[in-house]
Amino acid sequence: MAELNIKRPKGTQDITPKEVNKWQTIEGVCKSAAEDYGFSEIRTPTFEDTKLFVRSVGDATDVVQKEMYTVTSKGDSEFTLKPEGTAGVIRAVIENGMLNEAFPQKLFYITQCFRHEKPQAGRLREFHQFGCEMIGTKSPVADADLIMLAADVLERIGITGTKLNINSIGCPSCRAEYTKALRKYFSKYTDTLCETCISRLEKNPMRILDCKSPVCSGIAKDAPVILDYLCDECKEHFDKLKSILDAMGIEYSVNPRIVRGLDYYTKTVFEFICDNIGAQATVCGGGRYDGLVQDLGGADTPALGFAMGIERLLIAAKQCNAEFIEHLNCDIYLASIGEDALLKTAQLARDLRGAGFVAEYDIVGRSLNAQMKYANKINAKFSAVIGYDDIKKGVVRVKNMETGEIDNLSLDDSFLDRFSDVLTSYVFGDEFLLDKD
RNA sequence: GUGGGUAUAGCGUAGUUGGUUAACGCGUCAGUUUGUGGCACUGAAGACCGUGGGUUCGAAUCCCACUACCCACCCCA
């Protein structure tokens, strides 16, 4: 027989039970923070019409040009596994008539995304994003509120030491002016710029500002700055945002070199950087996309949003020694001696489980000693041993596994209530029982 | 797509002048202990030393190729 050796695809990961509580913690924090800010969850398909991403993310971007997982389904249209979350949400908002509901629409999602990249620390081919979108407000107060939410999420997770960078990349009209100025500036250096930057000169000269090649960044240092080219409206928007952030006490630095790599961004862009998680340091990125809704066929509607990479949040949280919720431990392990007792423990386990307790019994066929060792290993709070005599006497000895104390409980209908009391006093202390008696 | 690093049991590691049966810790299972776990002791299972070639009487060890993973560039969350 041929030996199968199937491994998970490159750039994917298994989240084992040992890790899953960390994911649950982070997802829980994201969800509850978003809900505290008035956001509702939206779920959209894992794959979409390829044209959606080409149109929104931009056909000149790396994401569209070389990172999409595209499939054709039975000769139908071309579909693409979503490389980011915003496009699908906006498509759904338009398609479901949500633009006719009260503005602003405030939506969040937690979803996997797919990009065909070479994996490294903080970058996978299947990864997960928590994202928030606000649709239907052009006020800079919304920008500030969204940034406040992002900052809150990081803080609630326990990620400290992040830096917020903000910038404005203007609207299509002022950006055109700026792009012209950039081309003029960089075209003086065509013989020294790196190869990719030469091609950027044509397509999107703003990306040269972001090049990490020492030569290019040296040249970029003295390049024109977008902020000097903003039109009055964009400038006022950005100034207003800064003053609101100041008033809120949110620290930031203006970094005219940050440029989001997706084409739909306008005006405000921002990112939260975490230095100690490797080269992929952007833990949150977002901004305005005032033209996207209209581009995708909706009414002219301003909007903005951000996304966080959950894998990166996890790395950052671990670096910061953030606390994670623990898994549910076993409340009681029911050990048995003999067949009759085993059946009794099975019955009892069912009753306990029905009452909301985590109960386990021997489904392996172990010796009593081995059962107790197992109870210890799974960190059971209590154990009980049931044998012939106990069934006859109608008494069961319940042992506190931490202190070793043993309580005698009668093995009848009152057992559930009595055990509930025992467990309550174990978890909260005796005083919580006073009301009951 | 371009670099650099790594590859020995489930996990973490030791093992170079090439030399029997590849070692240790953790973990798993069992026993010491057929009415009570943690500690301790004893034992067991588990590795064709990433794959394929080559050199050699002999390769985990030396050489070549390949693959996988990691890190970085790029890009982005």
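Note on naming: letters A, B, ... go to the chains in the order of the sequence lines (proteins, then strands), and numbering restarts at 1 for each one.
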Practice task
Find the distance Q120(A):CD to G4(B):P and express it as a whole number of Å.
Solution key: 16 Å

Practice task
Give E67(A) one of three labels, base, sugar-phosphate or nothing, depending on what nucleic acid heavy atoms sit under 4.0 Å from its own.
Solution key: sugar-phosphate

Problem - Nearest-Å distance for atom pair NZ/P, residues K377(A) and G37(B) - result: 13 Å

Practice task
Ignoring backbone atoms, test whether R312(A) places a side-chain nitrogen or oxygen under 4.0 Å from the OP1 or OP2 oxygen of C76(B).
Solution key: no

Exercise for the section: Using a heavy-atom cut-off of under 4.0 Å over every strand shown, decide if D62(A) touches base, sugar-phosphate, or nothing. Expected result: sugar-phosphate

Problem - Any donor-acceptor N/O pair under 3.5 Å between C74(B) base and R123(A) side chain - result: yes

Exercise for the section: Name the nucleic acid region contacted by G404(A), choosing base, sugar-phosphate or nothing; use a 4.0 angstrom heavy-atom cut-off, strictly under. Expected result: base

Exercise for the section: Sort out the partner of C62(B) for me: Watson-Crick or G-U wobble, both distances under 3.5 Å, none otherwise. Expected result: G54(B)

Problem - Donor/acceptor link under 3.5 angstrom from K399(A) side chain onto base of G37(B) - result: yes

Practice task
Specify the separation, in whole Å, of atom OH of Y361(A) and atom C1' of U36(B).
Solution key: 20 Å

Practice task
Under a 3.5 Å limit for both distances, which nucleotide forms a Watson-Crick or G-U wobble pair with A14(B), could you say?
Solution key: none

Problem - Pair R91(A) + E48(A): basic N to acidic O under 4.0 Å - result: yes

Handout entry: Under-4.0 Å side-chain N/O to phosphate OP1/OP2 contact, K10(A) with C69(B)
Key = yes

Exercise for the section: Give a yes or no on this: more than 12 heavy atoms of other residues, nucleotides or ligands lie within 6.0 Å of atom CZ of R43(A). Expected result: no

Practice task
Sort out the partner of G43(B) for me: Watson-Crick or G-U wobble, both distances under 3.5 Å, none otherwise.
Solution key: C29(B)

Handout entry: C1' atoms of C71(B) and C62(B), separation to the nearest Å
Key = 28 Å

Handout entry: Main-chain N/O of S414(A) paired with D417(A) side-chain donor or acceptor, under 3.5 Å
Key = no

Fill in the blank from the handout: Testing C73(B), A30(B), G31(B) for proximity to the side chain of K118(A), the answer is C73(B)

Problem - Partner nucleotide of U20(B) by Watson-Crick or wobble geometry (both distances under 3.5 Å) - result: none

Problem - Exam field: side chain Y289(A) to backbone S56(A), donor-acceptor pair closer than 3.5 Å - result: no

Exercise for the section: If C74(B) has a Watson-Crick or G-U wobble mate with both distances under 3.5 Å, name it; if not, just say none. Expected result: none

Exercise for the section: Answer yes if the ring centres of F130(A) and Y109(A) are under 6.0 angstrom apart, and no otherwise. Expected result: no

Exercise for the section: Starting from P on A30(B), measure out to NZ on K373(A) and report it in whole angstrom. Expected result: 8 Å

Practice task
Identify whether any heavy atom of G387(A) sits under 4.0 Å from a base atom; if not, whether one sits that close to sugar-phosphate; answer base, sugar-phosphate or nothing.
Solution key: base

Completion exercise
Atom CG of L314(A) and atom P of A77(B) are separated, to the nearest Å, by 18 Å

Completion exercise
Among the nucleotides U36(B), A77(B), C29(B), whichever has the atom closest to the side chain of R366(A) is C29(B)

Exercise for the section: Please state the C1' separation for the pair A9(B) and A23(B) - nearest whole angstrom. Expected result: 12 Å

Exercise for the section: Whole angstrom is fine here: how far is it from NZ in K7(A) over to C1' in C70(B)? Expected result: 14 Å

Exercise for the section: Report the nucleotide, chosen from U34(B), G37(B), U36(B), that has the shortest atom-to-atom distance to any side-chain atom of I337(A). Expected result: U34(B)

Problem - Assigned partner base of G5(B), Watson-Crick or wobble definition, under 3.5 Å - result: C69(B)

Exercise for the section: Flag the pair K318(A) and E19(A) as a salt bridge only when some basic side-chain nitrogen lies within less than 4.0 angstrom of an acidic carboxylate oxygen. Expected result: yes

Handout entry: Whole-Å distance separating the CG atom of N379(A) from the P atom of G37(B)
Key = 17 Å

Problem - Presence of Q129(A) side-chain N/O under 4.0 Å of A77(B) phosphate oxygens OP1/OP2 - result: no

Problem - Pair F108(A) and F39(A), ring centroids less than 6.0 Å apart - result: no

Handout entry: d(OH, Y333(A); C1', U36(B)) in whole Å
Key = 12 Å

Practice task
Using a cut-off of strictly less than 4.0 Å, decide whether N369(A) has a side-chain nitrogen or oxygen near OP1 or OP2 of U34(B).
Solution key: no

Exercise for the section: Just compare U32(B), A72(B), A77(B) and give me whichever is closest to any side-chain atom of L262(A). Expected result: A77(B)

